[in-house]
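First up is the structure itself, then whatever we jot down about it.
What you see is a predicted model, and the numbers here were worked out from it, not measured in a lab. FYI, side chains are in, hydrogens and waters are out, and symmetry mates aren't considered; it's all heavy atoms of this structure. Residue numbering restarts at 1 for every chain, and letters A, B, ... go by the order of the sequence lines.
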Protein chains: 2
Amino acid sequence: MDEATLRERLAVYLVADPEATSRPLLDDVQAALDGGATCVQLRAKRLDGYDLWRLATTMKFLCAQFGALFFVNDRLDVALAAGADGVHLGTSDLPPDVARTLTPPGFLIGFSPKTLDDVTATARLGADYAGLGPVFPTGSKADAQSPIGLDGLRAQVAACRVPTVGIGGITIANAPEVIGAGADGVAVISAILGTEDPAAATEALAREVNTALAAR
Amino acid sequence: MDEATLRERLAVYLVADPEATSRPLLDDVQAALDGGATCVQLRAKRLDGYDLWRLATTMKFLCAQFGALFFVNDRLDVALAAGADGVHLGTSDLPPDVARTLTPPGFLIGFSPKTLDDVTATARLGADYAGLGPVFPTGSKADAQSPIGLDGLRAQVAACRVPTVGIGGITIANAPEVIGAGADGVAVISAILGTEDPAAATEALAREVNTALAAR
């Protein structure tokens, strides 16, 4: 996938965590795709490999119907077995360059750098895009660091030679500022999964993101 | 690896779980290899991918120096990244036939079937060997089923068309019975990691296993 296409597909990025919704996760993902999500990452830390693989396989199928990218968090083996478009890795997972030795051509690797040094290293490690944050305070991730803020995001985007999404505490209200700071997309959990109508929430989020992208 | 060689290398099989020892795990693995362990499986459910990969890489290096096989439990990606000889999968992990689509030639897949149906399916699923048990009551695995006993083991070995190791509550004292029931090896945790002198414990276990194998 060329970089321009990847940037486009990162615009409205749902991190699908079964612990963040009281509904069946696949229903929420379907709704988000209906609403215009361009990318979905399955993050389910408590699922065993078997259950994760089953869920990922269905979710990949669903995403493909909408032309959305599909990533699996952390588990490269499950991502590969499910035919995902890529894996998303953090600093406590397999390093991107090590993961790359196991992946077929075109398989995407996302990376969440922690420090500014990690951000600079992202491209060198062979990651295709970076998740930068937490931009704002967030309740969705128990082990989140302190927020980097919009200025921190702007600095990290500038230091990062691959496409980026902002993540952490992003809402429909503040999404335009995240795009304004240079991110190619916004990654959200509760802004979609934590709402009564995930399709409508995604649609509203997508509208804000696209308007902000068009205004850059 | 031909099947006869695999059977030999399964004889004295340490499941290396950091939660089962108060010492540094690598010290215990080194001691077990000194004492004659022929196979080591790293099982560390609480470690993140990064730490597991680092530990697995070192453990593989250590095992290779002794000509011992090295497996990683559950995480096929980590097993591949660490250059392990194989992965060991349970019924809640990636299925062996799915895992096989991601592995290079010669990479070994172990499987722990739960039911007699699973045992029969082991070879069909493409697993190279099976871990059968728990043979006896065990305290090392929180989610263990009720013991199958020596008669159950004998029945499962007979139904299994690949090499087998017995696992669960195996000690130096009862190891000969496990081999007598037809298993090619004994997989132990506390019989080595739970002792004051893991090298001496492994040596004593290896002696019993080899005597019982020679007497078949």
ask   = Among residues 97-109 of chain A, which ones touch chain B with a heavy-atom distance under 4.5 Å?
value =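 Contacts with chain B: A:V98, A:L102.
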remark   = Filtered by a 4.5 Å non-hydrogen cutoff, the part of residues 73-89 of chain A contacting chain B is A:D74, A:R75, A:L76, A:D77, A:V78, A:L80, A:A81
inquiry  = Within the supplied structure, the quantity of interest is the number of heavy atoms (other residues, nucleotides, ligands) at a distance under 6.0 Å from B:R23 CZ; does it exceed 12?
reply    =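 Yes, enclosed.
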inquiry  = Around atom CZ of A:R54, are there more than 12 heavy atoms from other residues, nucleotides or ligands closer than 6.0 Å?
reply    = no
key: Euclidean distance, A:W53 CH2 relative to B:L94 CG, rounded to 0.5 Å   =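 Reported value, rounded in 0.5 Å steps: 7.5 Å.
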query = Say you draw a straight line from CG of B:L52 to CG of A:D93; how long is it, rounded to the nearest 0.5 Å?
reply = 11.0 Å
